[in-house]
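Worksheet for the structure shown next.
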Amino acid sequence: MLRRTCLHLATVLACGLLVAGCGRKGEGRVIKLAHGLDQQHSVHKGMVFFAERLAAKSGGTLRAEVYPSGQLGSERECLELVQLGGLGMTKVSASVLEGFAPEFKVFGLPYLFRDDAHKAAVLDGPIGREILAAPQSKFLRGVCYYDAGSRSFYTKKPIRTPDDLRGLKIRVQESPMAFALIRAFGASATPIAFGELYTALQQGVVDGAENNPPTFHLSRHYEVCKFYSLDEHTIVPDVLVIGTHLWNSLTPQQQKWLQEAADESAVHQRNLWVASTTESLDAVAKAGVEIIRPDKAAFRAAVAELHAKAQQDPIVGPLDRRIAETTP
Ligand code: GCU
């Protein structure tokens, strides 16, 4: 894996895209920030807002340049580049961070949050902050969460009950929790990087995948999968990440600007989320996708065992219990 990342880093350097994760351009210091989503996505807009706020606060002396659409690699590859210092920052799904800090696994538990207020209380409170700080020994520091709504199945044949998933091949992120969830539904889990998923769906490598409405829409996966079943099985946030080498090289004032800009961008993005979800559902329905609203209780019951199993995990179990006890 390290060899692959070194090769990837070498390619990125050879293309002259990155001189360093944080280079100097003109007067200011410039941080490269790469991610996999489309430029129409609210999470991308959140990062653009972050860059604007950072430039404004620092008077242009500290800036971020955003590279969208997976141009600098998959989420795992970007995290590895950030660890090595070839990239300053990235934005990934919390699921992919499971491989870097086990605390992130808790977000992979199904039906974790009771509602948006519960989710906000957890992410904005001590538990959320603790999880962001968890990957520091791996040279990564979570800066803020972006809203990624809830994930639901999209497939080539309708999923109306959990039984309809039996035997289907479903794409999962590079995440042991996502793998366990799909297995618990009786489907077979196939890990595929997000950037390779359109082709995999088209070629029938998998029968379906799962994601939130804006990502289902903006990835154009709806061109291949004509059924979207809103079972909303997981609520996995996105995470803005900075390398600790870069973070530690900033002055306390620069760290303050960066953290404030990130916090403001998280609020901005959260405000865009609900409208972007409705727009995306309308757009895919117009394009001929059948939106199914199944009985969620049946889906919840089908995978309830995962919470029981998590209790045996010394990190995930206590976090799951603390989250359940959190009140807004
Ligand atoms: C979400 C998330 C992305 C991630 C994607 C995936 O859309 O925002 O960061 O890449 O899920 O399923 O891979």
Side-chain angles (χ1 to χ4, degrees), residues 33-48 50 66-82 87 89-100 104 107-108 110 119 123 140 142-155 169-179 181-182 187 189-201 205-206 208-222 224-225 228 230-241 265-266 269-270 272-274 276-277 279-281 284:
L33 162 56
H35 69 91
L37 295 172
D38 186 86
Q39 297 186 57
Q40 297 306 312
H41 204 292
S42 69
V43 173
H44 172 77
K45 293 178 184 168
M47 283 177 271
V48 170
F50 161 72
V66 186
Y67 293 80
S69 310
Q71 24 179 316
L72 299 189
S74 70
E75 295 198 340
R76 185 178 48 72
E77 285 167 341
C78 283
L79 284 169
E80 288 170 354
L81 284 173
V82 170
L87 181 64
M89 295 179 76
T90 188
K91 189 293 303 167
V92 296
S93 165
S95 295
V96 179
L97 279 161
E98 285 173 24
F100 297 79
F104 284 96
F107 296 124
K119 173 169 75 169
L123 297 184
L140 300 170
V143 187
C144 69
Y145 295 101
Y146 290 126
D147 202 341
S150 48
R151 300 178 72 94
S152 294
F153 291 107
Y154 51 86
T155 40
K169 280 179 284 168
I170 301 291
R171 173 268 177 171
V172 289
Q173 295 170 278
E174 293 188 55
S175 141
M177 293 300 281
F179 203 90
L181 179 83
I182 297 306
T190 309
I192 296 174
F194 183 67
E196 290 158 26
L197 181 52
Y198 187 99
T199 313
L201 287 166
V205 176
V206 282
E210 38 87 63
N211 222 312
N212 55 56
T215 301
F216 176 45
H217 172 215
L218 296 168
S219 61
R220 307 184 81 85
H221 294 167
Y222 68 87
V224 190
C225 295
Y228 193 24
L230 299 181
D231 70 309
E232 304 190 320
H233 47 262
T234 45
I235 298 175
V236 181
D238 275 2
V239 186
L240 186 65
V241 175
S265 75
Q269 187 269 336
R270 213 179 272 183
L272 300 175
W273 184 260
V274 176
S276 80
T277 298
E279 274 164 33
S280 292
L281 286 174
V284 298

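One-based numbering, in listed order, for ligands and for the atoms of each. For the single chain, residues carry numbers from 1 onward in sequence order.
Residues passing the salt bridge (Lys or Arg N to Asp or Glu O under 4.0 Å) test with Asp231: none are found, sequence neighbours excluded. The ring pair (Phe, Tyr, Trp, His ring centres under 6.0 Å) check on Phe179 picks up nothing, with sequence neighbours excluded.
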Please tabulate, one line per pair, the protein N or O atoms found under 3.5 Å from any N or O atom of ligand 1, giving the distance to one decimal.
unit_1: ligand 1; atom_1: 7 (O); unit_2: Asn211; atom_2: OD1; d: 2.9
unit_1: ligand 1; atom_1: 7 (O); unit_2: Thr215; atom_2: OG1; d: 2.9
unit_1: ligand 1; atom_1: 8 (O); unit_2: Asp238; atom_2: OD1; d: 2.9
unit_1: ligand 1; atom_1: 8 (O); unit_2: Asp238; atom_2: OD2; d: 2.7
unit_1: ligand 1; atom_1: 9 (O); unit_2: Glu75; atom_2: OE2; d: 2.5
unit_1: ligand 1; atom_1: 9 (O); unit_2: Lys91; atom_2: NZ; d: 2.7
unit_1: ligand 1; atom_1: 10 (O); unit_2: Glu75; atom_2: OE2; d: 2.9
unit_1: ligand 1; atom_1: 11 (O); unit_2: Arg151; atom_2: NH1; d: 3.0
unit_1: ligand 1; atom_1: 11 (O); unit_2: Asn211; atom_2: OD1; d: 3.3
unit_1: ligand 1; atom_1: 11 (O); unit_2: Asn211; atom_2: ND2; d: 3.2
unit_1: ligand 1; atom_1: 12 (O); unit_2: Arg151; atom_2: NH2; d: 2.8
unit_1: ligand 1; atom_1: 12 (O); unit_2: Arg171; atom_2: NH1; d: 2.7
unit_1: ligand 1; atom_1: 12 (O); unit_2: Asn211; atom_2: ND2; d: 3.0
unit_1: ligand 1; atom_1: 13 (O); unit_2: Arg171; atom_2: NH1; d: 3.4
unit_1: ligand 1; atom_1: 13 (O); unit_2: Arg171; atom_2: NH2; d: 3.0

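Shown are His44, Lys91, His41; of these, the side chain to side chain donor-acceptor pair (under 3.5 Å) with His35 is made only by His44.
Listed here is the closest heavy atom pair of Ser42 and Gln269: OG-NE2, 3.1 Å.
Checked by atom type and distance alone, the side chain of Ser276 pairs as donor or acceptor with a backbone atom of Trp273 at under 3.5 Å.
Sorted by first then second residue, the salt bridge (charged side-chain N to carboxylate O under 4.0 Å, His left out) pairs that include residues 142-151, not counting sequence neighbours, are Lys119-Asp147, Arg151-Glu210.
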